[in-house]
Enquirer: 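Once you've had a glance at the structure underneath, I'll fire off some questions.
These values consider heavy atoms only, across backbone and side chains, with no hydrogens, waters or symmetry-generated copies. All ligand and atom numbering here is 1-based and tracks the order in the structure. Computed from a prediction, not measured in an experiment: that's the story for all the values here.
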Amino acid sequence: MSRLFKVCSMEEVPAGTAYSYQVNNVVVAVFNIEGQYYAINDACPHAGASLSAGYLDGCVVSCPLHAWRFDVRDGTWVDNPCIATDAYPVTIQDGDLFIEFKEPQPE
Ligand code: FES
């Protein structure tokens, strides 16, 4: 089960930029790469720096603190693909971006 949450309008994140937004009690980094939008957890899993403030090279963002690199399409740590930060599917409705959070499943 998952739920959609509105993040922002498309215009707030021009191509080649990234911004962070608080959504469902999580700070989410939204990236616009050549008109495609991607969303990952904004907090770097190393020490919590804001990934939306990182250096973007293609689909890879480098953390501004220690340069760990993440693929914004799926959150994978490029240098060790066994590790990933959370990534959220993005949908667009009437010019607004929405992301999908999966509900935790009972064990
Ligand atoms: Fe991101 Fe260290 S806080 S690499």
Enquirer: Would you name the heavy atoms of Asn41 and Val27 that are closest together and state the gap between them?
Expert: OD1-O, 3.6 Å
Enquirer: Check this for me: Glu11, atom CD, are more than 12 non-hydrogen atoms of other residues, nucleotides or ligands nearer than 6.0 Å?
Expert: no
Enquirer: Where on Ala47 is there a heavy atom closer than 4.0 Å to ligand 1, on the side chain, on the backbone, on both, or on neither?
Expert: both
Enquirer: Looking at His46, which of its N, O or S atoms is the nearest one to atom 2 (Fe) of ligand 1?
Expert: ND1
Enquirer: What N, O or S atom of His66 is found closest to atom 2 (Fe) of ligand 1?
Expert: ND1
Enquirer: Once rounded to 10°, what is the value of the angle centred on atom 1 (Fe) of ligand 1 between Cys63 SG and Cys44 SG?
Expert: 110°
Enquirer: Name the orientation class of the two ring planes belonging to His46 and Trp68 (parallel below 30°, tilted from 30 to 60°, perpendicular beyond 60°).
Expert: parallel
Enquirer: Under a 3.5 Å distance rule, please check whether Asp74 uses its side chain to pair with a backbone N or O of Thr76 as donor and acceptor.
Expert: yes
